[in-house]
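Take a look at the structure set out below.
Quick note on labels: first sequence line is chain A, next is B, and so on, each numbered from 1.
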2 protein chains.
Amino acid sequence: MKDVAAHARVGLKTVSRVVNGEEGVAPDTRLRVCASIDALGFRRNDGARLLRQGRTASIGVVLEDLADPFYAPLVRAVEEEARAHGALLINGSSAEDPERERELVLALCARRVDGLVVVPAGDDHRYLRPEMDAGVATVFVDRSPGLLDADVVLSDNAGGAREGTAHLIAHGHRRIAFLGDRPDIQTAAERLRGYRAAMADAGLPVDPAWVSLGPTEPARVRAEAERILTGHAPVTAFLAGNNRVTVSLVRVLAGRPRPTALVGFDDFELADLLSPPVTVVAQDPALLGGTAAGMLFRRLAGAAGAPRRVTLPTRLLARGSGELPPAQG
Amino acid sequence: MKDVAAHARVGLKTVSRVVNGEEGVAPDTRLRVCASIDALGFRRNDGARLLRQGRTASIGVVLEDLADPFYAPLVRAVEEEARAHGALLINGSSAEDPERERELVLALCARRVDGLVVVPAGDDHRYLRPEMDAGVATVFVDRSPGLLDADVVLSDNAGGAREGTAHLIAHGHRRIAFLGDRPDIQTAAERLRGYRAAMADAGLPVDPAWVSLGPTEPARVRAEAERILTGHAPVTAFLAGNNRVTVSLVRVLAGRPRPTALVGFDDFELADLLSPPVTVVAQDPALLGGTAAGMLFRRLAGAAGAPRRVTLPTRLLARGSGELPPAQG
DNA sequence: TTGAAAGCGCTAACAT
DNA sequence: ATGTTAGCGCTTTCAA
């Protein structure tokens with residue numbers, strides 16, 4: 001820019017004015033400046049500009065895995081909102097590792113992102129306190145932060161699991177298994193709670209053998225499902241704790257002669273084309289992301305007040321697998 | 001940082017030294033500085049730091065849609081590579097709109113990203129020439145840039161389509177339809193070319209009614225498929241031009257009494273659980289992304305030389321739908 | 001071992 | 001209408 005000013009024989013500020021389309025530049029001066037800009041191939045450095053302005057027009061997004069079919073639309077929704085506000089997205093995957101999450105978040109704060117959308121992985125987010133006090137607006141999505149009071153947008157995990165379980169009960173099932181994620185993952189714990197609540201509502205006992213929480217790789221889920229199906233008290237239905245579990249269960253159940261009912265958690269593409277079509281408790285990831293981003297930008301626009309907690313409802317999509325009657329024991 | 005220096009009664013540079021772990025600070029000075037840092041809650045501003053250093057340690061990613069199941073793993077792979085090099089990802093979706101892509105890319109360049117990974121949407125990327133000359137390393141993925149010579153990583157789209165078509169021919173089909181994306185999208189054109197080549201190889205004519213290129217919303221694909229199936233020269237097999245078309249076709253074909261063979265393009269989750277399981281020509285999106293990012297960082301590390309073009313092979317995954325024999329005409 | 005000064009590229013505040 | 005100065009928060013150079 002300095003070079004442009006010299007080349008056009010004008011002051012630095014005049015170039016700045018032209019570049020930013022400000023008023024108060026004589027037409028022919030403007031022309032001369034533009035010519036110099038073209039001649040030198042000048043492009044404004046937004047980094048420097050934003051440094052001066054004290055913002056970065058960018059917001060950070062940290063979540064487990066960018067490529068997960070559940071999170072990808074969430075990010076996309078945040079992106080749309082950011083775009084509407086002229087901000088760019090900087091993002092990173094935490095790979096469900098609290099330490100990596102922390103590094104990522106702090107790296108983003110060090111770059112002075114204006115705001116942060118985080119799907120928390122760990123259970124202690126006090127490290128964010130100083131950053132938030134320093135002015136980084138932060139909204140958590142999908143799970144609550146640990147030991148930190150902040151804006152958060154959640155799905156009604158307990159309610160959804162409860163509804164899914166009740167649905168199975170309404171279709172005659174009394175022995176229902178729950179296969180979910182590690183109990184230290186909040187959503188998993190909530191869903192387990194909903195499952196138990198529905199069983200209790202119906203006065204049904206829960207055999208400990210029916211509940212399995214842990215990593216959701218296919219191999220483990222498969223093994224657990226087999227165990228539950230062939231154990232001393234086989235179930236007639238499953239409630240899956242997340243999308244990965246649902247898919248694994250579909251695979252296991254497809255290979256068995258006797259039909260077993262299944263309600264999945266999270267919707268997925270082609271669920272309606274499987275046989276039987278898969279009944280699921282659906283969340284709306286795009287709405288989660290959009291809502292969170294909306295709150296974030298409202299904060300950035302100056303909205304004060306205590307941290308808000310928003311819970312979005314889930315929706316039971318009955319497609320077939322959840323309406324199968326109990327197999328004859 | 002200035003405040004820290006004042007508080008610790010040392011020079012600015014000494015604080016800088018401590019913050020960056022540089023040598024040459026007396027132990028007790030260092031201690032005093034650290035104490036002041038904690039007392040004031042100081043965090044280094046990486047934006048300012050990088051401004052001074054003339055890089056940003058961030059790379060831009062621009063593609064059609066972050067949430068697309070094909071692109072999400074690609075981005076993820078770029079992210080891993082970036083992480084290994086200490087860089088963050090800034091990204092945006094072009095929504096297949098050349099103008100939006102251009103804006104996004106230029107916004108990223110204005111922020112002086114060190115490098116750029118782009119899945120091009122338009123067909124004229126000359127606007128990038130000045131940026132690349134100015135030092136923004138750029139690698140294109142999945143499609144070639146228009147009117148610009150640059151590094152690019154592609155799948156063998158023509159080869160894949162040819163193999164898929166030949167597979168259908170080998171299973172006895174002679175009337176095969178191709179339903180693909182708009183012909184101005186390069187990958188779509190390439191795949192059409194592969195389809196035609198395979199048909200020609202086998203000495204088979206291609207009825208113009210069998211080929212349909214255009215937007216891939218479900219409604220249009222559905223209508224076109226119905227038209228082709230009920231027209232004067234119905235086909236016995238389909239080659240789908242991309243993942244969205246594949247899914248739409250699965251839906252259409254599932255609703256018909258007479259089984260019709262199908263080979264999809266791009267693999268998708270659960271393809272093996274449908275009935276019949278769906279045969280596809282699979283690309284490896286993560287490998288595309290990883291390869292592109294690898295090339296990018298090699299350039300950033302100083303690798304010179306002419307632009308490189310890498311083509312990755314596709315893989316035919318025979319699962320059932322592509323091995324169905326032709327229905328009796 | 002330490003620090004003062006200059007400067008990265010820009011904009012805000014105040015001249016002229 | 002235009003220019004000058006200061007400064008965003010840091011690093012680099014060079015001197016002490």
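- In this structure, A:Asp46 reaches neither bases nor backbone, as no heavy-atom distance under 4.0 Å exists between it and the strands shown.
- In this entry the distance linking CD of A:Gln53 with C1' of C:dG9 reads 12 Å, nearest Å.
- Between B:Arg244 and B:Asp266 no salt bridge is recorded (no basic side-chain N to carboxylate O distance below 4.0 Å).
- Following rounding to the nearest Å, A:Asp3 (CG) and C:dG7 (P) show an atom-to-atom distance of 14 Å.
- Contact annotation: A:Thr14 does not reach the phosphate of D:dT2 (side-chain N/O to OP1 or OP2, under 4.0 Å).
- Using a 4.0 Å heavy-atom distance criterion, B:Gly24 is classed as a base contact.
- Taking only side-chain nitrogens and oxygens, A:Ser16 never comes nearer than 4.0 Å to OP1 or OP2 of C:dC10.
- Residue contacts for A:Val10: at a heavy-atom cut-off of 4.0 Å it reaches the sugar-phosphate backbone alone, with no base atom in range.
- Place A:Leu12 and B:Ala48 on DNA chain C by their nearest nucleotides, and B:Ala48 ends up nearer the 5' end.
- Closest to the B:Lys13 side chain, of the nucleotides D:dT12, C:dC10, D:dT2, is D:dT12.
- Toward the 5′ end of DNA chain D lies the nearest nucleotide of A:Glu23, the other residue of the pair A:Glu23 and B:Lys2 mapping further downstream.
- Two residues, A:Arg44 and B:Gly11, neighbour DNA chain C, and the one matched to the more 5' nucleotide by heavy-atom proximity is B:Gly11.
- In this structure, CG of B:Asn45 is placed 14 Å from C1' of D:dG7, rounded to the nearest angstrom.
- OP1 and OP2 of C:dG9 both lie 4.0 Å or more from every side-chain N or O belonging to A:Arg49.
- Contacts of A:Arg55 with the nucleic acid, taken as non-hydrogen atoms under 4.0 Å apart, are absent.
- In this entry the distance linking CG of B:Leu51 with P of D:dG9 reads 12 Å, nearest Å.
- Nearest nucleotide to the B:Ala26 side chain, out of C:dT2, C:dG9, D:dC10: C:dT2.
- Across all strands shown, A:Arg112 has no heavy atoms under 4.0 Å from either base or sugar-phosphate atoms.
- Atom CD of A:Glu22 is separated from atom P of D:dT2 by 13 Å (rounded to the nearest Å).
- Contact check on A:Glu190 versus A:Arg143 returns no salt bridge, with no Lys/Arg side-chain nitrogen under 4.0 Å from an Asp/Glu carboxylate oxygen.
- In terms of polar N and O atoms assigned as donor or acceptor, the side chain of A:Arg17 comes within less than 3.5 Å of the base of D:dT2 in a complementary pairing.
- In this structure, A:Leu50 atom CG and D:dG7 atom C1' are separated by 16 Å, rounded to whole Å.
- A donor-acceptor contact closer than 3.5 angstrom links the side chains of B:Gln283 and B:Ser155.
- Judged by distance alone, with hydrogens and angles left aside, B:Arg52 brings a side-chain donor or acceptor within reach of the base of C:dG7, the pair sitting under 3.5 Å.
- A close approach under 4.0 Å does occur between a side-chain nitrogen or oxygen of A:Thr29 and OP1 or OP2 of D:dT2.
- The pair B:Lys13-B:Glu22 meets the salt-bridge criterion, with a side-chain N (NZ, NE, NH1 or NH2) lying under 4.0 Å from an Asp/Glu carboxylate O.
- Following rounding to the nearest Å, A:Asn20 (CG) and C:dG9 (C1') show an atom-to-atom distance of 12 Å.
- The pair A:Arg17-A:Glu23 does not count as a salt bridge, with every side-chain nitrogen at least 4.0 angstrom from each carboxylate oxygen.
- A salt bridge between A:Arg76 and A:Glu80 is present, with a side-chain N of the basic residue lying under 4.0 Å from a carboxylate O of the acidic one.
- Distance, A:Arg111 CZ to D:dC8 P: 22 Å, rounded to whole Å.
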